[in-house]
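What follows is a short report on a single structure.
The residues of the chain are indexed from 1 along the displayed sequence.
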Amino acid sequence: MTALLAFERAASHRSFQIAAKDLSLSPSAISHQIRGLEESFGVRLFARAGRSVRLTPAGEKYFQVAKSILEELDLAGRDLLSTNEARRYELRVSSLPFFTSTVIMPSLGTLNRYHPSLSLRLEATHQYADFDSSGVDVAIRFGKTRSRGLKFEPLLRVQSVPVCHPDIAQGLDCAKKLSESVLIHVSAMPHSWSKWLSAMGEGDLTPAGELWVDSVPAALEAAEHGHGVALGMSPLIYRRPDHGKKLVTPLDPAGQESTLYMVVRPEQAGDRIICAFRRWLINAVECAK
């Protein structure tokens, strides 16, 4: 490629010296690169007469092709840059629903301080974001499942904690009493309750009933309306606006701690937009503890 650029510049200017200035090389370096091409092809590309040079017929033919290819490469590069600039200020974020509602949404008003022109496209979902096909820039995930080729940065350690309406909390002073309650499950996390109960030594407990919903926010809403006992994330649950009013935590957090991660592509980890979002997100997490 270096030789091709040297040839194209020299052929465009009909001068090794001007080509050297364009490429910040010495005239002898330009001459050396072109001589290497001529030796590889077995033909002369330039006819040299003192300091003046002119293209041979073979050189002229090669120049037209080389010039066209380099122009196409330049255009393709400009297209990539313009595409990147167009989306640089819009960040696609895939986040767990509960994290979105307790951390991202309450702090959105401060995002402007970290990057005035940044706008977010938020997707609140329990599904793993496909970085290869969905166009996601940042994901908030539990654990490191499907971690190959991605960069994980820990944000927060969390534990499960039972939550319910104050009326249901009366008399619910130990895990064993959950046998008198309806347990609210999240379909995307079907083993959460069994893990919490096992950690409390009540792995064989049979509840009075079960209710299945599709997300953590839906489970918490059902709990607020007195439909049963759900599992929240400690410490984030304590930042929920209705905590202590419509929703209380009668029992302690238990079970193995899980880590929430910010996930990005390694090649984008140093992107200034993502770095600005990371700084804002870390502050938002601190405020939510």
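The environment of CD in Gln256 is sparse: at most 12 heavy-atom neighbours from other residues, nucleotides or ligands sit within 6.0 Å. The environment of Gln64 atom CD is dense: over 12 non-hydrogen atoms of other residues, nucleotides or ligands sit within 6.0 angstrom. Residue Asp167 qualifies as enclosed at atom CG: its count of foreign heavy atoms under 6.0 Å is above 12.
With hydrogens and angles disregarded, no donor-acceptor distance shorter than 3.5 Å links the side chain of His13 to the backbone of Ser15. Using a distance-only test at 3.5 Å, with no hydrogens or angles considered, no donor-acceptor pair links the side chain of Arg44 to the main chain of Gly59. Side chain of His115 to main chain of Leu111: no donor-acceptor pair is present (N/O by atom type, distance under 3.5 Å, no hydrogens or angles). With Gln159 contributing its side chain and Gly255 its backbone, the two residues share a donor-acceptor pair below 3.5 Å. Judged purely by atom type and a 3.5 angstrom limit, Arg141 uses its side chain to pair as donor or acceptor with the backbone of Ala129. Counting only distance, with no hydrogens or angles, the side chain of Ser179 and the backbone of Lys176 share a donor-acceptor pair below 3.5 Å. Using modelled atom types, no side-chain atom of Trp196 and backbone atom of Val161 make a donor-acceptor pair closer than 3.5 Å. Judged by distance alone, with hydrogens and angles left aside, the side-chain atoms of Ser31 form no donor-acceptor pair with the main-chain N or O of Pro27 at under 3.5 Å.
Tracing side-chain contacts under 4.5 Å through hydrophobic residues (I, L, V, M, F, W, Y), one never reaches Phe98 starting from Tyr128; they form parts of separate clusters. Under the 4.5 Å side-chain heavy-atom criterion for Ile, Leu, Val, Met, Phe, Trp and Tyr, Val216 and Leu197 are members of distinct hydrophobic clusters. Linking Ile, Leu, Val, Met, Phe, Trp and Tyr whenever their side-chain heavy atoms come within less than 4.5 Å leaves Val248 and Ile168 in two separate clusters. Leu211 and Leu183 fall into different hydrophobic clusters, where Ile, Leu, Val, Met, Phe, Trp and Tyr side chains are chained together by heavy-atom contacts under 4.5 Å. Val264 and Trp280 end up in the same hydrophobic cluster when Ile, Leu, Val, Met, Phe, Trp and Tyr side chains are linked at under 4.5 Å.
Here the CD atom belonging to Glu210 is positioned 3.5 Å from the NE2 atom belonging to His185, to the nearest 0.5 angstrom. Here the NZ-CE distance, from Lys195 to Met189, works out to 10.0 Å after rounding to the nearest 0.5 Å. Taking NZ of Lys144 as the reference point, atom OG1 of Thr259 lies at 8.5 Å (rounded to 0.5 Å). Annotation: the span from Lys21 atom NZ to Ser26 atom OG amounts to 13.0 Å, rounded to 0.5 Å. Remark: Cys174 SG to Glu202 CD distance equals 7.5 Å, nearest 0.5 Å. Atoms CE and OG, on Met233 and Ser160 in that order, are 8.0 Å from each other to the nearest 0.5 Å.
Residues Ile18 and Arg9 have side chains not in contact (no heavy-atom distance under 4.5 Å, counting atoms from C-beta outward). Here the side chains of Lys246 and Val163 are not in contact, with every heavy-atom distance at 4.5 Å or above. Between Leu178 and Leu172, some side-chain heavy-atom pair lies under the 4.5 Å cut-off. Between Trp193 and Val229, the closest side-chain pair of non-hydrogen atoms falls below 4.5 Å. Side chains of Val158 and Pro235 form a contact here, defined as non-hydrogen atoms less than 4.5 Å apart. You'll find the side chain of Val103 stays beyond 4.5 Å of the side chain of Leu156, heavy atoms only. Side-chain contact between Gln170 and Pro166 is absent, with no heavy-atom pair separated by less than 4.5 Å. Using a 4.5 Å cut-off on side-chain heavy atoms (C-beta onward), Leu247 and Ile237 make contact.
Nearest heavy atoms, Ile184 versus Gly228: CD1-C, 3.6 Å. Between Pro162 and Pro250, the shortest heavy-atom distance links the atoms O-CD, 3.7 Å. Considering all non-hydrogen atoms of both residues, Asp137 and Phe131 come closest at O-CE2, 3.6 Å. Closest approach of Ala124 and Thr100 over heavy atoms only: CB-OG1, 3.9 Å. Nearest heavy-atom pair, Leu220 versus Leu231, reported as atom, atom and distance to 0.1 Å: CD2-O, 4.4 Å. For the residue pair Glu38 and Leu45, the shortest heavy atom distance occurs at OE2-N, 2.8 Å.
The side-chain contact (heavy atoms from CB on, under 4.5 Å) check on Ala47 picks up Arg54, Thr56, with sequence neighbours excluded.
Taking the six-membered ring where the residue is Trp, Tyr62 and Phe7 present tilted rings, their angle falling between 30° and 60°.
Just one of Leu122, Leu281, Val136 meets the side chain to side chain contact (heavy atoms under 4.5 Å, CB included) condition when paired with Val93; it is Leu122.
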Could you walk me through whether Ser12 and Glu8 satisfy the side-chain hydrogen bond (donor to acceptor under 3.5 Å, both in side chains) test, starting with their C-alpha distance in whole Å, then the side-chain angles of each, then the deciding distance to 0.1 Å, before giving a yes or no? CA-CA 6 Å; Ser12 294; Glu8 189 275 335; 3.0 Å; yes

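Salt-bridge check for Arg14 with Glu60: passed, with a basic side-chain N closer than 4.0 Å to an acidic carboxylate O.
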